[in-house]
Number of protein chains: 2
Amino acid sequence: MAPKSSAPQSHPTLADVAAIAGVSVKTASRVLNESMNVSEMTAKKVQQAATLLGYRSNRLARELRTGTLSNLIGMIVSDLANPFYAGLASGAEEELSKNGLDLLLATSRDDGERERLLIDSLLERRVRGLMIVPSAEDYSYLHTERKRGVAIVFVDRPGPYLDADSIVSDNQGGIATCIDRLLAQRCKNIALIADNAKIWTASQRIEGFKKARLTRKLDPSQSPIVGEIHTIDLAEKAARELLLQKNPVDGIVASNDLIAIGVAHAVASLGSQCKVVSFDDFATSKLMNVPTLDHDPRRLGSLAAESLMRRIKNPNEKNFGEVLMKLDFREEPIKVVTSNA
Amino acid sequence: MAPKSSAPQSHPTLADVAAIAGVSVKTASRVLNESMNVSEMTAKKVQQAATLLGYRSNRLARELRTGTLSNLIGMIVSDLANPFYAGLASGAEEELSKNGLDLLLATSRDDGERERLLIDSLLERRVRGLMIVPSAEDYSYLHTERKRGVAIVFVDRPGPYLDADSIVSDNQGGIATCIDRLLAQRCKNIALIADNAKIWTASQRIEGFKKARLTRKLDPSQSPIVGEIHTIDLAEKAARELLLQKNPVDGIVASNDLIAIGVAHAVASLGSQCKVVSFDDFATSKLMNVPTLDHDPRRLGSLAAESLMRRIKNPNEKNFGEVLMKLDFREEPIKVVTSNA
DNA sequence: TTGTACGCGTTATCAG
DNA sequence: CTGATAACGCGTACAA
């Protein structure tokens with residue numbers, strides 16, 4: 001006689017509860033949900049049976065029955081270990097949680113194919129909405145799903161070939177703001193150091209620099225763009241060259257915070273008076289004492305979640321298309337607090 | 001005659017596909033799943049009908065029918081915006097994804113009650129496993145769920161009153177390693193600056209310091225412990241006091257990276273020769289040029305996921321109890337690379 | 001106040 | 001090879 005408890009038992013059903021309580025399934029259901037039109041005594045019996053068994057309603061069955069869409073939101077980011085995307089997820093989670101929506105999170109690793117698989121899996125789970133940091137070239141295959149009522153919003157960059165909302169930072173305007181800040185500090189020769197132009201945000205920032213350079217009447221030869229910079233070391237090297245050339249620059253816009261660190265190191269080690277501003281906004285930049293745009297990923301994430309929810313509540317509303325999140329410098333110092341970790 | 005397409009249609013079912021293909025539901029099912037024992041022609045018809053309708057199998061229904069446990073893993077962390085927990089989630093997600101498990105992520109905000117609600121919600125979804133960074137005082141209520149086959153593992157700190165695995169860093173041993181490193185550099189008076197002892201990891205580190213101080217025969221009056229330090233500023237202030245007192249310390253162990261930043265600032269501004277080592281391992285500490293223990297949250301997360309999966313595959317295996325992740329100094333410099341953000 | 005019959009979308013059984 | 005029919009766990013409609 002093997003002990004029954006050794007094998008993993010499955011979850012008790014409403015029928016089990018009803019059996020123990022000596023009532024019908026429906027009565028048990030009534031007690032556990034509506035709790036109306038039920039005599040005190042039977043209610044008590046059912047409650048006791050439920051707690052005795054540790055009964056927990058099966059959400060799959062419920063949702064299947066009612067035809068309700070699940071309150072699951074699928075989110076896909078490139079890489080959770082990256083503080084930017086983690087912040088995105090954090091902001092989204094907080095906002096969704098307020099509305100009773102749960103977050104199913106996956107990482108695409110910037111791989112379009114993997115992303116497609118993940119999205120398929122999420123759709124099979126009948127998620128109510130999708131928040132995507134796009135890594136693929138074509139999202140037209142989501143058109144039908146959208147018409148079926150699955151809310152879709154792209155975050156941080158737009159999703160090609162799908163008429164859905166996208167919440168992105170105002171990369172171009174942000175760069176212009178950076179330039180203006182340097183101009184206000186009487187800089188004359190302002191350079192941009194940027195990442196690989198294949199990265200959408202980087203290309204936007206380069207584009208923004210070019211446009212602002214034109215409208216601010218800066219001489220391109222005196223205000224160069226250095227691209228393909230994707231490590232701190234490369235950034236430092238690039239900055240040194242700009243600072244040591246015959247006609248050195250006196251202002252540098254760093255297209256992201258890692259670049260800012262390299263640039264700050266170069267400026268400091270050369271004892272240069274060159275001004276530096278940066279685009280991203282991680283703690284690291286702050287620690288280097290470089291003014292940075294308030295590019296708060298949590299805000300981007302919660303904005304995206306908000307827009308997703310508006311669409312869920314009002315599926316027929318027209319798309320907003322590309323929503324730009326304006327960026328400006330934050331002047332107050334950050335306050336960092338330790339945590340449980 | 002309102003256009004039918006204006007209202008959000010619901011998802012097509014297998015019956016819809018079967019109807020269009022002119023076959024029975026089961027045949028359609030066979031084609032889409034097993035794809036065996038079906039004539040080429042009918043298979044083709046079904047395939048076409050399916051793609052025409054954009055059919056996507058409903059996982060809720062499937063899991064309900066087969067009684068399969070979902071391949072959902074619920075994870076609860078304190079705060080996703082904190083790089084440590086984000087790293088935890090990242091490591092877990094990567095490992096789970098390898099095994100075809102999806103991650104349902106939620107944040108407790110270090111609130112035990114909220115955590116309880118989240119866990120209930122996850123269990124209603126019939127998650128297959130739970131990864132919890134505990135914020136509550138008592139997890140005995142999960143005992144039944146565990147017996148039902150829900151795998152449970154605690155991460156970063158142990159979960160009280162439940163006989164489940166927990167994957168935690170070797171906080172005490174890590175502190176001893178820090179001290180030894182300073183001793184090797186001929187430090188005599190070594191202080192610990194730590195966070196609030198109510199935080200489990202902080203208390204462990206304080207405890208570890210006390211023990212190591214004893215075994216290394218350090219005089220407690222010369223090797224003090226400063227607690228309740230939870231901001232950079234407080235850490236800097238505390239360090240200044242230790243460095244300016246009559247008998248100043250010549251070695252400081254920072255109990256986490258934020259404290260390390262404050263301490264490093266103090267040491268630098270005073271031009272002191274005091275050595276500093278730190279516990280945590282965020283990029284910030286690296287940038288301050290303070291040796292830190294390799295306290296990699298992603299590793300912790302993937303270890304936890306691995307242990308969860310072992311338990312899923314072998315539910316009857318005995319618990320490992322508290323699994324300590326050893327920590328040591330990492331000597332190679334970090335390489336930081338920019339990203340899409 | 002309570003119970004019965006049915007349906008959600010899927011798969012399994014067992015017959016044709 | 002194919003198709004009715006039952007069943008998963010739950011909620012709704014209607015009847016008792």
Side-chain angles (χ1 to χ4, degrees), chain A residues 9-47 49-50 53-72 121 123-128 148-149, chain B residues 9-47 49-50 53-72 121 123-128 148-149:
Chain A
Q9 303 125 9
S10 63
H11 296 255
T13 75
L14 204 49
D16 298 332
V17 176
I20 291 197
V23 298
S24 82
V25 185
K26 177 52 192 167
T27 305
S29 167
R30 264 194 277 260
V31 174
L32 268 34
N33 297 321
E34 324 149 30
S35 212
M36 279 169 58
N37 289 354
V38 167
S39 79
E40 286 273 334
M41 227 189 58
T42 41
K44 209 162 208 169
K45 278 195 295 182
V46 172
Q47 300 276 18
L53 260 54
Y55 170 76
R56 217 179 286 275
S57 141
N58 185 334
R59 202 147 172 176
L60 284 71
R62 189 210 315 259
E63 284 173 356
L64 181 59
R65 170 65 187 93
T66 58
T68 324
L69 286 146
S70 75
N71 55 170
L72 244 39
S121 164
L123 288 172
E124 281 194 4
R125 276 235 172 61
R126 296 295 185 264
V127 292
R128 186 135 185 190
R148 280 176 194 150
Chain B
Q9 302 125 10
S10 63
H11 297 254
T13 76
L14 204 49
D16 298 332
V17 176
I20 291 195
V23 298
S24 82
V25 186
K26 178 55 188 163
T27 305
S29 168
R30 265 194 276 260
V31 174
L32 268 33
N33 297 319
E34 322 150 31
S35 213
M36 279 169 59
N37 289 354
V38 166
S39 80
E40 286 273 333
M41 227 189 59
T42 42
K44 208 162 207 170
K45 278 195 296 183
V46 172
Q47 301 275 19
L53 260 53
Y55 170 76
R56 215 179 286 273
S57 139
N58 184 335
R59 200 145 175 179
L60 283 74
R62 189 209 316 262
E63 283 173 357
L64 179 59
R65 174 65 187 97
T66 59
T68 324
L69 286 146
S70 76
N71 56 169
L72 244 38
S121 164
L123 288 172
E124 281 194 5
R125 277 234 170 62
R126 296 294 184 263
V127 292
R128 186 136 185 188
R148 279 175 196 152

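What you see below is based on every heavy atom in this structure, not just the backbone, and it leaves out hydrogens, waters and symmetry mates. Numbered from 1 within each chain, the chains take letters A, B, ... in sequence-line order.
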Could you tell me whether the phosphate oxygens of dG3(D), OP1 or OP2, come under 4.0 Å of any side-chain nitrogen or oxygen in Thr27(B)? yes
May I have the distance from Arg148(B) (atom CZ) to dG9(D) (atom P), rounded to whole angstrom? 13 Å
Exercise: identify the closest heavy-atom pair between Arg125(B) and Ser70(B): O-OG, 4.0 Å
Any side-chain heavy atom of Tyr55(A) within less than 4.5 Å of one from Asp16(A)? no
Would you say dT2(D) has OP1 or OP2 under 4.0 Å from some side-chain N or O of Thr42(B)? yes
Looking at Asn33(B) and Ser29(B), would you say the former's side chain and the latter's main chain have a donor-acceptor pair under 3.5 Å? yes
Could you walk me through whether Ser57(A) and Arg62(A) pass the side chain to side chain donor-acceptor pair (under 3.5 Å) check? CA-CA 8 Å; Ser57(A) 141; Arg62(A) 189 210 315 259; 2.5 Å; yes
Check whether any side-chain N or O of Ser24(A) sits under 4.0 Å from OP1 or OP2 of dT4(C), and answer yes or no. no
Distance check needed: dT1(C) P versus Lys45(A) NZ, whole Å only. 15 Å
Produce a footprint string for nucleotides 8-16 of chain C: one letter per nucleotide, 5' end first; B if the base is under 4.0 Å from any protein heavy atom, S if only the sugar-phosphate is, - if neither. BBBBB----
For a side-chain contact (heavy atoms from CB on, under 4.5 Å) check, start with the C-alpha distance between Arg126(B) and His11(A), then their side-chain angles and the critical distance, and finish with the verdict. CA-CA 9 Å; Arg126(B) 296 294 184 263; His11(A) 296 255; 3.5 Å; yes
Has Thr13(B) got a side-chain atom pairing as donor or acceptor with Ala15(B)'s backbone, closer than 3.5 angstrom? yes
